[in-house]
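Heads up: the structure comes next, in structure tokens.
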There are 2 protein chains.
Amino acid sequence: MGFMSNESKSLLGLLEAAPIKARFNDADIKAIHSLQISLKRYPPHTVVYNQGDAVRSVYITNSGWGCVYRDLPSGDRQIMDFPLRGDTVGLRMPAVFNYNTYASITEMSVFEISQHALNAIVLRSPYLSNGIMALMARQRAFLIEHLTNLGRRNALVRTAHLLLEMGVRAKHSGMGTEKGYSCPLTQYELADALGLTAIHVNRMLRELREQNLVAFRYGEVEFINRPGLVRLANFDENYLAMGMFTDFK
Amino acid sequence: MGFMSNESKSLLGLLEAAPIKARFNDADIKAIHSLQISLKRYPPHTVVYNQGDAVRSVYITNSGWGCVYRDLPSGDRQIMDFPLRGDTVGLRMPAVFNYNTYASITEMSVFEISQHALNAIVLRSPYLSNGIMALMARQRAFLIEHLTNLGRRNALVRTAHLLLEMGVRAKHSGMGTEKGYSCPLTQYELADALGLTAIHVNRMLRELREQNLVAFRYGEVEFINRPGLVRLANFDENYLAMGMFTDFK
DNA sequence: CGGGCCTTTGATTACCCTCAATTTTCGTGG
DNA sequence: CCACGAAAATTGAGGGTAATCAAAGGCCCG
């Protein structure tokens with residue numbers, strides 16, 4: 001398998017591609033070009049920023065898989081999200097500490113933008129600020145869905161739902177199809193996102209496989225009976241479409 | 001008991017008070033005054049907007065308790081948050097359906113602002129747009145904490161954590177002290193926020209009471225041994241301070 | 001080819017849910 | 001002010017889901 005490099009050389013290219021699909025005017029483009037941006041590469045399992053750091057940057061994932069999580073004193077952690085290409089990380093209040101960690105899972109490249117510079121630009125290009133709000137709203141939609149997942153769905157449904165969500169997001173980012181997608185997550189990482197143990201995740205994956213709904217093996221998620229899986233998980237992918245720039249202007 | 005009316009006649013007054021503590025310049029104030037705002041009252045247990053509505057308004061809670069939740073086809077629901085005075089609800093993408101419901105719990109008054117008008121204002125007053133982003137970041141901090149709660153804390157700790165969080169937020173909003181606060185939530189509502197059954201919430205509350213940590217009875221939360229409770233819940237209230245305007249400009 | 005991480009399976013335990021029933025509280029109207 | 005009914009709180013018993021403990025097998029990489 002393996003294909004599609006899905007790398008952008010420029011932030012503008014990334015913003016104009018799926019899933020963001022921004023449409024800028026000349027002033028916006030000028031503003032974006034004036035931003036101090038660096039494209040950074042991270043090896044697998046490397047921390048981008050850490051819980052407790054006073055980070056002053058905003059990140060837009062360009063390629064690879066990462067995760068945003070919160071470490072607990074107990075040693076457990078809760079993964080909030082797995083940002084993919086086009087997903088933003090670290091949009092936050094200035095002058096406030098981070099309450100989460102952003103780390104790579106696979107090799108990953110991200111655009112890093114100085115928070116200060118971004119703030120300055122927002123002051124000059126209000127349309128961009130609308131776009132940033134849209135991105136924040138998109139991320140919130142993910143969080144709300146994950147919260148619903150943990151609070152009111154059992155382990156089997158929860159696992160199914162996450163596999164479907166990441167499938168749609170991978171497809172949006174040009175990294176998958178209706179049939180399936182490459183997923184580098186370990187069962188431990190799934191467990192930390194699903195509020196389960198890796199052992200139980202393993203059993204749920206087996207169950208889903210034995211019911212001929214979806215097979216997750218060897219780093220590949222293969223939808224066998226996607227309609228059945230959608231029905232099981234009560235999956236509504238519309239929430240994932242939120243947050244695009246498309247409707248602006 | 002009963003006291004402190006905590007009502008504002010104007011949005012400006014609300015924004016400048018705790019917990020938001022905004023500081024505006026003349027242009028901002030002018031912009032805010034130009035907004036088409038109405039102060040609406042809702043009786044207890046009334047829907048402000050519904051899942052599926054194409055709502056075009058943003059809300060800022062002025063007084064009373066409400067809740068934001070998502071209904072599931074199974075008949076369950078997941079409560080995302082209990083917004084109090086000064087908390088915003090409904091900041092979202094334009095032209096997108098809601099994926100949650102906002103309803104009152106007690107009698108409640110909220111400022112309703114047309115999304116369209118707000119967008120227009122943001123285009124003219126970038127400082128305000130920064131403020132709105134701050135408010136969104138504040139809400140996200142709540143969501144992240146709730147997600148961590150559901151994913152990686154057991155029922156007792158989870159319950160303790162929520163009682164502490166709402167205590168701090170009530171205090172921020174001028175509705176409580178270190179000793180306790182009035183809390184109109186039923187055990188069913190707590191359960192829907194905590195991802196538990198009301199029956200189990202009842203047992204956890206008894207446990208917390210018997211351990212002389214906190215008593216929740218007759219609509220009053222009374223902190224008996226707050227340090228002990230904070231220790232049990234690993235509660236760090238700093239995340240609640242996020243999202244204020246204070247550091248801007 | 002060895003070692004470490006990941007996956008898989010089994011047995012047991014514990015947490016939380018479900019079902020059922022009683023008591024208490026609270027709002028409403030007599 | 002009391003009576004009534006509904007909603008909420010409380011308690012008990014039993015069951016199911018997911019965690020814990022333990023160990024074996026597979027895969028990848030040096």
Side-chain angles (χ1 to χ4, degrees), chain A residues 1-2 43-45 65 67 72 74-78 105-107 149-163 182-210 214-222 232, chain B residues 1-2 43-45 65 67 72 74-79 105-107 149-160 162-163 182-210 214-222 232:
Chain A
M1 306 231 158
H45 300 286
W65 285 63
C67 63
L72 297 181
S74 61
D76 290 328
R77 67 170 180 170
Q78 176 62 46
I105 288 175
T106 63
E107 166 142 5
N149 233 3
L150 295 198
R152 288 295 180 220
R153 295 202 255 252
N154 66 31
L156 187 70
V157 172
R158 215 185 291 179
T159 307
H161 201 281
L162 184 62
L163 291 179
S182 294
C183 177
L185 303 178
T186 67
Q187 294 179 2
Y188 284 91
E189 286 158 344
L190 283 176
D192 285 340
L194 292 169
L196 301 169
T197 59
I199 294 166
H200 203 63
V201 167
N202 182 278
R203 295 190 170 115
M204 297 302 100
L205 290 176
R206 171 165 39 125
E207 179 72 21
L208 292 171
R209 204 184 313 128
E210 287 174 353
V214 58
F216 178 23
R217 299 188 111 164
Y218 317 114
E220 296 288 328
V221 174
E222 181 192 352
L232 172 72
Chain B
M1 310 237 156
H45 299 287
W65 286 63
C67 63
L72 297 182
S74 61
D76 290 329
R77 66 170 181 170
Q78 176 62 45
I79 293 180
I105 289 175
T106 64
E107 166 141 4
N149 232 4
L150 295 198
R152 287 299 181 216
R153 293 189 184 114
N154 64 32
L156 188 70
V157 172
R158 213 185 293 179
T159 308
L162 184 62
L163 292 179
S182 293
C183 177
L185 304 179
T186 68
Q187 294 178 2
Y188 286 90
E189 287 158 343
L190 282 176
D192 285 341
L194 292 169
L196 300 170
T197 59
I199 293 168
H200 203 62
V201 167
N202 181 281
R203 295 191 169 114
M204 296 302 100
L205 291 175
R206 171 163 41 122
E207 179 72 20
L208 291 171
R209 205 184 313 129
E210 285 174 355
V214 59
F216 178 23
R217 300 189 110 163
Y218 317 115
E220 295 289 326
V221 174
E222 182 192 352
L232 172 73

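Residue numbering restarts at 1 for every chain, and letters A, B, ... go by the order of the sequence lines. Please read these numbers as outputs of a predicted model, since none were measured by experiment.
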I'd like to check the side chain to side chain donor-acceptor pair (under 3.5 Å) partners of A:Glu207; sequence neighbours left out, ordered by chain and number.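 A:Glu207 satisfies side chain to side chain donor-acceptor pair (under 3.5 Å) with A:Gln211 only.
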Which pair of non-hydrogen atoms, one from B:Ser182 and one from B:Trp65, has the smallest distance, and what is that distance?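 B:Ser182 and B:Trp65 have their closest heavy atoms at O-CZ2, 3.6 Å.
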Using every non-hydrogen atom in the two residues, find where A:Ile105 and A:Pro44 come nearest and quote the distance to one decimal.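 Nearest heavy atoms, A:Ile105 then A:Pro44: O-CB, 3.3 Å.
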Apply side-chain contact (heavy atoms from CB on, under 4.5 Å) to B:Thr159 and B:Leu190, showing your working. CA-CA 8 Å; B:Thr159 308; B:Leu190 282 176; 5.5 Å; no
Reading DNA chain D in the 5' to 3' direction, which nucleotide is the first one with an atom under 4.0 Å from a heavy atom of chain A, and which is the last?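 Under 4.0 Å from chain A, the extent on DNA chain D is D:dA18 to D:dA22.
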The criterion is salt bridge (Lys or Arg N to Asp or Glu O under 4.0 Å); which residues satisfy it with A:Glu107, sequence neighbours excluded?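 Partners of A:Glu107 under the salt bridge (Lys or Arg N to Asp or Glu O under 4.0 Å) test: A:Arg41.
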Who pairs with A:Arg77 by salt bridge (Lys or Arg N to Asp or Glu O under 4.0 Å), at least two apart in sequence or on another chain?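 So A:Arg77 forms a salt bridge (Lys or Arg N to Asp or Glu O under 4.0 Å) with A:Asp192.
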Euclidean distance, [Y] [atom2] relative to [X] [atom1], rounded to 0.5 Å:
| X | Y | atom1 | atom2 | answer |
| --- | --- | --- | --- | --- |
| A:Leu72 | B:Arg152 | CG | CZ | 8.5 Å |
| B:Glu189 | B:His45 | CD | NE2 | 5.5 Å |
| A:Phe216 | A:Leu185 | CZ | CG | 6.0 Å |

Can you tabulate the close N/O pairs, meaning under 3.5 Å, that link protein atoms to atoms of nucleotides 4-7 of chain C?
{"from": "C:dT7", "atom 1": "OP2", "to": "A:Gln187", "atom 2": "N", "distance (Å)": "2.7"}

Would a distance-only check, ignoring hydrogens and angles, find a side-chain to backbone donor-acceptor pair under 3.5 Å from B:Arg158 to B:Leu194?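 Yes, because the side chain of B:Arg158 sits within donor-acceptor range (under 3.5 Å) of the backbone of B:Leu194.
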Taking only residues two or more places apart in sequence, or in another chain, which ones meet A:Ala193 in a side chain to side chain contact (heavy atoms under 4.5 Å, CB included)?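 Testing A:Ala193 for side chain to side chain contact (heavy atoms under 4.5 Å, CB included), a comparison that skips the adjacent residues, returns A:Ile79, A:Phe82, A:Leu162.
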Work out how much the helix from C:dC1-D:dG30 to C:dG30-D:dC1 bends between its end axes, five pairs an end, to the nearest 10 degrees.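 Comparing the axis at each end, I get an angle of 50°.
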Considering only nitrogen or oxygen atoms on both sides, find all protein atoms under 3.5 Å from nucleotides 14-20 of chain C and state each distance.
{"from": "C:dC16", "atom 1": "OP1", "to": "B:Ala155", "atom 2": "N", "distance (Å)": "2.9"}
{"from": "C:dC17", "atom 1": "OP1", "to": "B:Thr197", "atom 2": "N", "distance (Å)": "3.3"}
{"from": "C:dC17", "atom 1": "OP2", "to": "B:Thr197", "atom 2": "N", "distance (Å)": "3.3"}
{"from": "C:dC17", "atom 1": "OP2", "to": "B:Thr197", "atom 2": "OG1", "distance (Å)": "3.2"}

Donor-acceptor contacts, no H, no angles, side chain residues 195-206 of chain A, under 3.5 Å, sequence neighbours left out:
{"from": "A:Thr197", "atom 1": "OG1", "to": "A:His200", "atom 2": "N", "distance (Å)": "3.2"}
{"from": "A:Asn202", "atom 1": "ND2", "to": "A:Gln187", "atom 2": "OE1", "distance (Å)": "2.9"}

